[in-house]
Structure formats: structure tokens, C-alpha cells
**Q** 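Sending over a structure as C-alpha cells; questions will come in a sec.
The figures here come from the full heavy-atom set of this structure, side chains too, leaving out hydrogens, waters and symmetry mates.
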Amino acid sequence: MAELERTMRINDKVLRFMHTRLDERTSLGKFMEGFKKGLAESAAREKEREAKAAARKAAFAAAKAERSERYDKGE
């Protein structure tokens with residue numbers, strides 16, 4: 001454990017790490033299943049946020065183009 005932590009401190013690609021002890025009553029397979037499910041949910045939320053941001057950006061650009069078009073026509 002000490003060697004693993006030392007290696008992580010040296011590696012520039014590792015920003016943060018934390019080692020925890022698993023509950024002995026929970027199997028490693030069950031823990032990994034829950035962990036992967038959590039990662040998938042997090043990735044789905046991030047994709048949803050990115051899609052909403054892209055939609056807002058597109059709507060803003062469309063509104064800006066419409067305002068510019070009206071200005072050019074003299075409205």
C-alpha cells in the first residue's frame with residue numbers, strides 16, 4: 001500500500017487518490033457492479049448537461065442571427 005501511494009504521488013497524471021477499506025460483508029464483485037453503475041450514471045448526467053448546454057448555445061446563436069437579420073432589414 002505504501003509503495004502504491006508513493007507511486008501515485010510521483011505520477012503527474014494522478015491528481016488525487018484515496019484508498020479505502022471495503023466492508024468485508026460485501027463481495028468485491030458486488031462492489032464493482034455498484035461502482036460501475038455509479039460511473040455510468042455519472043457519465044449519463046454529464047452527457048445530458050453537455051446536450052443541454054449545446055442546445056442553449058444553438059438557441060442563443062439562432063436568436064442572435066434573427067436579431068441581426070431584423071436589424072439588417074431595418075425593423
Side-chain angles (χ1 to χ4, degrees):
M1 191 71 129
E3 179 61 22
L4 184 61
E5 289 182 354
R6 185 187 76 78
T7 304
M8 287 186 179
R9 271 193 225 81
I10 293 171
N11 190 345
D12 290 338
K13 293 181 182 177
V14 177
L15 298 176
R16 194 181 311 176
F17 63 91
M18 181 174 75
H19 292 100
T20 58
R21 184 179 201 99
L22 295 179
D23 187 359
E24 288 138 6
R25 297 171 290 184
T26 305
S27 71
L28 182 58
K30 189 173 181 179
F31 174 79
M32 289 302 295
E33 199 174 287
F35 182 73
K36 287 179 183 179
K37 183 180 175 186
L39 285 177
E41 289 171 355
S42 178
R45 282 193 305 272
E46 183 62 28
K47 280 185 179 182
E48 186 179 321
R49 265 184 257 153
E50 288 174 0
K52 285 181 181 179
R56 281 193 303 268
K57 188 175 182 179
F60 179 75
K64 186 177 179 182
E66 186 180 327
R67 283 192 306 269
S68 176
E69 206 174 281
R70 277 196 249 156
Y71 179 77
D72 290 343
K73 289 181 181 177
E75 292 179 7

**Q** For Arg6, is there an ion pair with Glu3 - N to carboxylate O distance below 4.0 angstrom?
**A** yes
**Q** Can you tell me how far the CZ atom of Arg25 sits from the NZ atom of Lys30, to the nearest 0.5 Å?
**A** 11.0 Å
**Q** Less than 4.0 angstrom from a charged side-chain N to a carboxylate O is my criterion; do Glu33 and Lys37 meet it?
**A** no
**Q** Would Glu46 and Arg49 pass as an ion pair if we require N to O under 4.0 Å?
**A** yes
**Q** Which pair of non-hydrogen atoms, one from Thr26 and one from Phe31, has the smallest distance, and what is that distance?
**A** CG2-N, 4.2 Å
